[in-house]
Amino acid sequence: MSSTEALHGVRSMLWAAQRQRGGVGTRRALCSACARSLLLGTRSRICQLRGGAGHLRGLRPQGGRAFIPVVRGFATVIAEVHDKPHDRGPIAEYEERVHSGRLRDDEHQRTIIQSLQDLHDMLAHYKAPKVVQPSIESLQPQKKSFFGSLFGGGQTKKTATEISSDLPKGIYMYGDVGSGKTMMMDLFYDTLPHNIQTKTRIHFHNFMQEVHKDLHKMKMAHGNDIDGIPFVAADIAQRSSVLCFDEFQCTDVADAMILRRLIESLMAHGVVLVTTSNRHPDELYENGVQRQSFIPCINLLKTRLRVINLDSTTDYRKIPRPPSGVYHHPLDAGAKSHAEKWFRFLGDIENDPPHRATQHIWGRDINVPKASGKAAMFSFNELIGRATGAADYIELARSYEAFIITDVPSMNHRSRDLARRFITFVDAIYEARAKLVLTTAKPLSQLFMDRDEIDDALDKGGHKAAQGKGEHADVDDVMRSLMDDLGLSMEMLKNSSIFSGDEERFAFARALSRLTEMGSKEWVERGLGMESKGGKAEMESWQRVRSQWRQDSM
């Protein structure tokens with residue numbers, strides 16, 4: 001009998017015994033902590049009773065039955081002492097619901113709930129910063145001088161919206177009807193840790209109605225020129241350090257125009273967002289009016305939230321595919337579980353348990369810290385931090401078809417050699433058509449330049465562009481589109497101190513392009529025998545392609 005079954009048995013016996021001792025209508029519900037202490041024969045905690053306190057002193061079995069000796073005088077008091085789900089967390093709550101029969105055990109759901117548990121653990125140690133409400137004066141247009149009134153001006157003062165690196169990364173769960181969105185949100189919201197004192201769960205449509213109403217009130221009180229978004233965001237942040245949206249969507253141009261700034265402002269105030277949707281962020285506001293202006297909001301969601309697919313996909317091995325994409329940042333509590341899930345999926349755990357391996361390359365030994373099947377896992381320092389080069393990466397790619405690289409740092413001009421080596425590694429496994437999973441300190445667009453370098457490059461790039469030098473003039477349309485999506489430009493690259501010479505700059509841009517492609521669903525699923533792609537036949541066909549590449553690379 002499991003410990004959970006034993007606890008349920010103790011509860012049942014206690015209720016029966018109490019009915020016998022306390023008379024008709026008396027009911028005493030015992031929490032799991034008390035039941036566990038009784039089961040183990042230890043002294044129980046004090047349970048708070050309605051109208052007084054009763055002391056539970058222990059469990060004494062008599063003739064197969066059990067009862068609780070209680071303080072005389074409280075036998076007829078009805079006690080309701082319930083478990084507090086947030087004492088347990090999403091995983092323990094899921095186990096409880098599975099055992100009670102309310103939920104069916106599902107391996108794919110467990111991988112998703114682990115992501116919820118990761119965020120729960122981070123929130124247990126999170127203290128939201130004090131919300132600083134912007135002044136009304138700071139939200140109004142700057143007063144025009146005499147010359148300003150002649151030549152234009154009157155722009156609203158910009159308010160700081162820098163998002164702290166300490167902000168726990170939220171979650172964006174999407175899936176079709178019946179994929180378990182509501183259940184997942186219930187698990188997370190109902191088990192939020194004690195220290196989260198302010199929280200809100202609301203349907204996204206209702207939330208946006210309230211936002212528009214508050215913005216309208218601001219304009220009625222202070223004029224149409226006021227920028228009410230920072231004020232409204234601060235007000236929301238004061239009421240909710242964790243904000244949970246049901247059914248995130250965007251179907252209205254008015255919503256699209258304010259969402260990026262609103263979400264960015266909320267995050268800058270330390271609000272952690274968790275949301276469900278029936279669409280991937282890339283599919284939000286499709287074919288909407290002025291959709292191009294909504295793209296920054298989509299990029300913000302993908303960068304600042306962990307995007308998780310709730311729809312269970314199956315491959316020929318019947319191993320649930322991890323619900324999130326192959327790249328994870330920052331290096332938080334979820335990074336380790338992210339890497340482990342993908343290693344289990346891309347490796348062959350049952351037939352080839354994880355082990356250390358050694359590859360002999362050009363008379364030298366390359367140690368592989370963790371391998372299974374055709375998957376290899378390294379930390380960044382274990383692979384890139386050593387004196388390795390293109391020949392090593394090519395040989396490793398001939399032996400393995402998937403690489404999980406953890407703890408990838410942000411690289412700047414002080415780590416130029418690491419950046420070059422990492423780009424060489426990316427090029428090698430791209431040519432080998434291998435899979436790549438990364439846990440990184442920064443998003444892809446900031447891997448090779450730190451924040452100060454990017455800001456400096458933007459300033460210099462803008463100055464040169466104003467002198468008549470067009471951006472992206474020397475790159476093709478595909479590369480230009482990619483760099484626009486990443487918020488980069490060739491002027492930024494040319495003014496960054498990390499790269500010297502056009503060859504290095506183009507190598508950096510090419511690496512970003514290839515990382516983007518290797519992160520796509522099509523790249524990840526190719527050759528895995530996914531049933532939707534043709535199953536084993538597709539896998540065998542892809543293996544023939546890989547075999548040909550190995551021969552050509554020798």
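Since the model is a prediction, treat every value here as computed from it, not as a measurement.
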Query raised in the report: What's the verdict on salt bridge (charged side-chain N to carboxylate O under 4.0 Å, His left out) for Lys181 and Asp246, showing C-alpha distance, side-chain angles and the deciding distance?
Result: CA-CA 8 Å; Lys181 295 191 291 291; Asp246 286 310; over 6 Å; no
Requested in this report: Determine, step by step, whether Thr276 and Leu310 satisfy the side-chain contact (heavy atoms from CB on, under 4.5 Å) criterion, reporting the C-alpha distance in whole Å, the side-chain angles of both residues, the deciding distance to 0.1 Å, and the verdict.
Outcome: CA-CA 10 Å; Thr276 66; Leu310 299 182; 5.7 Å; no
**Report entry** Derivation and outcome, side-chain contact (heavy atoms from CB on, under 4.5 Å), residues His329 and Thr303
**Finding:** CA-CA 8 Å; His329 79 277; Thr303 302; 3.8 Å; yes
Query - Verdict with supporting geometry, Met184 and Val274, side-chain contact (heavy atoms from CB on, under 4.5 Å) - result: CA-CA 11 Å; Met184 293 292 179; Val274 177; over 6 Å; no
Report task. Before giving the answer on side chain to side chain donor-acceptor pair (under 3.5 Å), spell out for His328 and Asp332 the whole-Å C-alpha distance, their side-chain angles and the decisive distance to 0.1 Å. Result -> CA-CA 9 Å; His328 176 95; Asp332 55 17; 2.9 Å; yes
Query raised in the report: Do His280 and Asn309 pass the side chain to side chain donor-acceptor pair (under 3.5 Å) test, and can you show the C-alpha distance, the side-chain angles, and the key distance before you say yes or no?
Result: CA-CA 8 Å; His280 186 279; Asn309 184 4; over 6 Å; no
Query raised in the report: Can you check side chain to side chain donor-acceptor pair (under 3.5 Å) on Ser277 and Tyr172, steps first, answer last?
Result: CA-CA 8 Å; Ser277 180; Tyr172 182 108; 3.3 Å; yes
Report task. Dump the intermediate steps for side-chain contact (heavy atoms from CB on, under 4.5 Å) on Asp407 and Asn381, then the final yes or no. Result -> CA-CA 8 Å; Asp407 304 319; Asn381 284 334; over 6 Å; no
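Side-chain polar atoms of Tyr430 and Glu517 form a donor-acceptor pair below 3.5 angstrom. Looking at Tyr285 and Gln249, their side chains never bring a donor and an acceptor atom within 3.5 Å of each other. A donor-acceptor pair shorter than 3.5 Å can be found between the side chains of Ser379 and Glu382. A side-chain donor-acceptor contact under 3.5 Å links Ser100 and Arg102. Side-chain N/O atoms of Thr440 and Tyr327 include no donor and acceptor closer than 3.5 Å. In this structure, a donor-acceptor pair under 3.5 Å is absent between the side chains of Asp118 and His338. In the model, Lys341 has a side-chain atom that pairs as donor or acceptor with a side-chain atom of Ser115 under 3.5 Å.
Considering every non-hydrogen atom in both Ser241 and Ile196, the closest pair reads OG-CG2, 3.8 Å. Minimum heavy-atom separation, Asp166 to Tyr126: O-CE1, 4.1 Å. Scanning both residues, Lys302 and Pro281, for their nearest heavy atoms gives CG-CB, 3.8 Å. Looking at every heavy atom in both residues, Val232 comes nearest to Asp214 through CG2-CB, 3.9 Å. The nearest pair of heavy atoms linking Leu116 to Met173 is CD2-SD, 4.1 Å. The nearest pair of heavy atoms linking Thr198 to Arg239 is CB-O, 3.2 Å.
Within the 4.5 Å cutoff, side-chain heavy atoms of Val271 are placed close to those of Leu273. Using a 4.5 Å cut-off on side-chain heavy atoms (C-beta onward), Val272 and Lys169 make no contact. Phe425 is listed as a side-chain neighbour of Leu436, based on a closest heavy-atom distance under 4.5 Å. Within the 4.5 Å cutoff, the side chain of His120 has heavy atoms near those of the Gln117 side chain. For the pair Val408/Leu447, a side-chain contact is recorded, criterion being any heavy-atom separation below 4.5 Å from C-beta on. Side-chain contact between Leu103 and Tyr94: present, with at least one pair of heavy atoms (C-beta onward) separated by less than 4.5 Å. Looking at Ile236 and His269, their side chains never come closer than 4.5 Å, going by heavy atoms from C-beta outward. Using a 4.5 Å heavy-atom threshold, the side chains of Met122 and Leu119 count as touching.
Ion pairing between a basic and an acidic side chain is recognised when a charged N comes within 4.0 Å of a carboxylate O; Asp190 and Arg97 show such pairing. For Arg260 and Glu264, the salt-bridge test passes: some basic side-chain N is under 4.0 Å from an acidic carboxylate O. Salt-bridge annotation for Glu340 and Lys336: absent, with no side-chain N of the basic residue lying under 4.0 Å from a carboxylate O of the acidic one. Ion pairing of Asp186 with Arg201 is present here, as a side-chain N (NZ or NE/NH1/NH2) and a carboxylate O approach within less than 4.0 Å. Salt-bridge annotation for Arg261 and Asp227: present, with a side-chain N of the basic residue lying under 4.0 Å from a carboxylate O of the acidic one. Here Asp106 does not pair with Arg110 in a salt bridge; the nearest charged N to carboxylate O distance is not below 4.0 Å.
Residue Lys442 qualifies as open at atom NZ: its count of foreign heavy atoms under 6.0 Å is 12 or below. Counting heavy atoms of neighbouring residues, nucleotides and ligands inside a 6.0 Å radius, atom NZ of Lys219 exceeds 12 of them.
Proximity of a side-chain donor or acceptor of Gln197 to a complementary backbone N or O of His194 within less than 3.5 Å is detected. With hydrogens and angles disregarded, no donor-acceptor distance shorter than 3.5 Å links the side chain of Ser240 to the backbone of Ala237. A distance-only check finds a donor-acceptor pair linking the side chain of Asn195 to the backbone of Leu123 [under 3.5 Å]. Not one N or O on the side chain of Ser372 forms a donor-acceptor pair closer than 3.5 Å with the backbone of Ala375. Not a single donor-acceptor pair under 3.5 Å links the side chain of Arg306 to the backbone N or O of Ile171.
Considering CG of Leu243 and OG1 of Thr275, their distance stands at 9.0 Å, rounded to 0.5 Å. Note: Leu215 CG to Phe231 CZ = 11.0 Å, rounded to the nearest 0.5 Å. In this structure, CG on Leu167 lies 7.0 Å from CE on Met267, to the nearest 0.5 angstrom. Distance check: Phe422 CZ to Leu383 CG gives 9.5 Å after rounding to the nearest 0.5 Å. Atoms CG and CD, from Asp105 and Gln109 in turn, are 8.5 Å apart once rounded to the nearest 0.5 Å. Atom OG of Ser513 and atom CE of Met518 lie 9.5 Å apart (nearest 0.5 Å).
Below 30°, between 30° and 60°, or above 60°: for Phe207 and Phe245 the angle between ring planes is between 30° and 60°, a tilted geometry. Ring geometry for His203 versus His205: interplanar angle over 60°, hence perpendicular rather than tilted (30 to 60°).
A cation-pi arrangement is present between Lys370 and Phe343, with the terminal nitrogen or guanidinium carbon under 6.0 Å from the aromatic centre and inside a 45° cone about the axis. Relative to the six-membered ring of Trp342, Arg344 misses at least one condition, a distance below 6.0 Å or an angle of at most 45° to the axis.
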